[in-house]
Undergrad: 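Just passing along the structure, written as structure tokens.
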Amino acid sequence: MPWRIGPAERAAGARPDPYRVWLSEVMLQQTTVAAVRDYFRRFTARWPDVAALAAAEDAEVMAEWAGLGYYARARNLLKCARVVAGEHGGRFPASRDGLLKLPGIGPYTAAAIAAIAYDEAATVVDGNVERVIARLRHVETPLPSAKPALTDLAAELTPQDRPGDHAQAMMDLGATICTPRNPACSLCPLEGFCAARAAGVQAELPRKVPKAQKPTRFGIAYLGRRVDGAWLLERRPDKGLLGGMLGWPGSDWGAAPLPAPPVAADWRALGGEVRHTFTHFHLRLSVMLAELPAGVTPERGYFVPRDTFRPADLPTVMRKAYDLAQSGLAEN
DNA sequence: AAAACGTGGTC
DNA sequence: TGACCAAGTTT
């Protein structure tokens, strides 16, 4: 993985770059390695250090983050970079407790950066570690109630020597061997020590309280294309769902009353709809399309010229609406 | 302290 | 198709 340094570099006394550790750990929050890899490469190529990132335009960073999800992470990433650049002389705090004060850095990320970049014997507990510990120590208490006990048990295993390697080994074990389903116990170096394995219940742990069913919400998106090819978009407010991202003007999502279009035009409904599932609800989005005249002034949003507009700058649900419109246009 | 907050892969 | 899951944080 591009954010790790090799054993040879380590042996030569090199330490991982705290900026790269921080960036990778924030990207990896609730997100898989496969999804993160290319984003990490693009971010570090474009903004090689925290000073460069702190100086970036908000819209550029949000566009580069588009598609990765949990957009509060990108907003906090910028806040954090600017605090580090402006108030800490461009250097990250070198302790777990110092890191914990920064925006977007919680208990997991603070401990991970402290252990990996600064060799602090901090206990790193993510979803992988919770699972490994719940099995190793046969903890039957369901999550999330079990979290404090699992953290205590994990702390008992945290070594003073090479805590960063220990943390990454625990997480890698959870990601590759001690997986949620069908754990590969026969390949596990801890098999002989695993209490859940001895009891034959390893695949059932950790137990979890069932999650509530997701409701379905409905909405409408208006995709306005000016005759010169510019698209009518708007910047979403910084708080809330898809905060700070570009999107199509549209209705609220819920028990949606039909809203007024952003500009008077000959809107036509596209066949089909966009289906998208967020963390806590399903969305079914109807898409309206219109061609707008040259001099029109919209009540919402602003026109993004054709040569500037990139669908990849949109959050996924908005890109799906664009894709549907493209297929609708292609039929004409 | 419960709820909000994205997305893509998997079974 | 759909529920579950992934290197959590914020309010």
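Note that these values count all heavy atoms, side chains included, but never hydrogens, waters or copies made by symmetry. Just so we're clear, the structure is a prediction, and the values are computed from it rather than from any experiment.
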Undergrad: Calculate the interatomic distance between A:L241 atom CG and C:dT11 atom P; express it in whole Å.
TA: 16 Å

Undergrad: A:D228: which residues meet the salt bridge (Lys or Arg N to Asp or Glu O under 4.0 Å) condition with it, sequence neighbours left out?
TA: A:R226

Undergrad: Rounded to the nearest Å, what distance is computed from the CZ atom of residue A:R37 to the P atom of nucleotide B:dG8?
TA: 16 Å

Undergrad: Write out a two-atom table: protein N or O, nucleotide N or O from nucleotides 1-6 of chain C, distance below 3.5 Å.
TA:
{"residue": "C:dA6", "atom": "OP1", "partner": "A:R131", "partner atom": "NH1", "Å": "2.7"}

Undergrad: Could you state the CE-P distance from A:M245 to B:dA4, rounded to the nearest angstrom?
TA: 21 Å

Undergrad: What integer distance in Å separates A:K101:NZ from C:dT10:C1'?
TA: 17 Å

Undergrad: For a quick test of reading the model, state the closest non-hydrogen atom pair linking A:V129 to A:M171 and the distance between them.
TA: CG2-CG, 3.9 Å

Undergrad: How far does CG of A:L53 sit from CG of A:L23, to the nearest 0.5 angstrom?
TA: 7.5 Å

Undergrad: Would one find a side-chain N or O of A:H276 under 4.0 angstrom from OP1 or OP2 of B:dT7?
TA: yes

Undergrad: Regarding A:G240, tell me which of base, sugar-phosphate or nothing describes its non-hydrogen contacts under 4.0 Å with the strands shown.
TA: sugar-phosphate

Undergrad: Does anything in residues 103-114 of chain A come within less than 4.0 Å of DNA chain C? Heavy atoms only, and list the residues if so.
TA: A:P103, A:G104, A:I105, A:G106, A:P107, A:Y108, A:T109

Undergrad: Taking only distance into account, with no hydrogens and no angle test, what donor-acceptor pairs under 3.5 Å do side-chain atoms of residues 236-249 of chain A form with protein atoms, sequence neighbours excluded?
TA:
{"residue": "A:R236", "atom": "NE", "partner": "A:L241", "partner atom": "O", "Å": "3.3"}
{"residue": "A:R236", "atom": "NH2", "partner": "A:L241", "partner atom": "O", "Å": "3.1"}
{"residue": "A:W248", "atom": "NE1", "partner": "A:M318", "partner atom": "O", "Å": "2.9"}

Undergrad: Under the ring pair (Phe, Tyr, Trp, His ring centres under 6.0 Å) rule, collect the residues that match up with A:Y39, sequence neighbours excluded.
TA: none

Undergrad: Base, sugar-phosphate, or nothing for A:G243, non-hydrogen atoms under 4.0 angstrom?
TA: nothing

Undergrad: How long is the line joining CG of A:N76 and P of C:dT9, in whole Å?
TA: 11 Å

Undergrad: With heavy atoms under 4.0 Å as the rule, sort A:L242 into base, sugar-phosphate or nothing.
TA: sugar-phosphate

Undergrad: Write down the distance separating the P atoms in B:dC5 and C:dA6, rounded off to the nearest Å.
TA: 22 Å

Undergrad: Listed in order of residue number, which residues of residues 314-325 of chain A have a non-hydrogen atom at under 4.0 Å from DNA chain B?
TA: A:P315, A:T316, A:V317, A:R319

Undergrad: Sort and list the pairs that fulfil salt bridge (Lys or Arg N to Asp or Glu O under 4.0 Å) and have at least one residue in residues 11-26 of chain A, not counting sequence neighbours.
TA: none

Undergrad: Test A:T179 against A:R131 for side chain to side chain donor-acceptor pair (under 3.5 Å), laying out the working first.
TA: CA-CA 8 Å; A:T179 50; A:R131 184 171 57 257; over 6 Å; no

Undergrad: Mind checking ring pair (Phe, Tyr, Trp, His ring centres under 6.0 Å) for A:F281 and listing every partner two or more places apart, or none if nothing turns up?
TA: A:F278

Undergrad: Among residues two or more places apart or on two chains, list those pairs meeting ring pair (Phe, Tyr, Trp, His ring centres under 6.0 Å) that have a residue in residues 81-124 of chain A.
TA: A:W22-A:F92

Undergrad: Between A:E25 (CD) and C:dG8 (P), how many Å, whole number?
TA: 9 Å

Undergrad: A:K147: what forms a side chain to side chain donor-acceptor pair (under 3.5 Å) with it, not counting sequence neighbours?
TA: A:E130

Undergrad: Specify the separation, in whole Å, of atom CE of A:M27 and atom P of B:dT7.
TA: 15 Å

Undergrad: Show the atom names and distances, to 0.1 Å, of all donor-acceptor pairs under 3.5 Å that link a side chain in residues 284-295 of chain A to residues at least two apart or in another chain.
TA:
{"residue": "A:R284", "atom": "NE", "partner": "A:E273", "partner atom": "OE2", "Å": "3.0"}
{"residue": "A:R284", "atom": "NH2", "partner": "A:E273", "partner atom": "OE2", "Å": "3.4"}
{"residue": "A:E291", "atom": "OE1", "partner": "A:R225", "partner atom": "NH2", "Å": "3.1"}

Undergrad: Figure out the CH2/P separation between A:W253 and B:dC5, and round it to whole Å.
TA: 10 Å

Undergrad: Distance check, P atoms only: B:dG8 and C:dT9, in whole angstrom units.
TA: 22 Å

Undergrad: Can you tell me if the side-chain N/O atoms of A:H280 get under 4.0 Å from OP1 or OP2 in B:dA3?
TA: no

Undergrad: Provide the full list of side chain to side chain donor-acceptor pair (under 3.5 Å) pairs with a residue in residues 309-320 of chain A, sequence neighbours left out, each pair given once.
TA: A:H276-A:K320, A:R310-A:D313, A:R319-A:D323

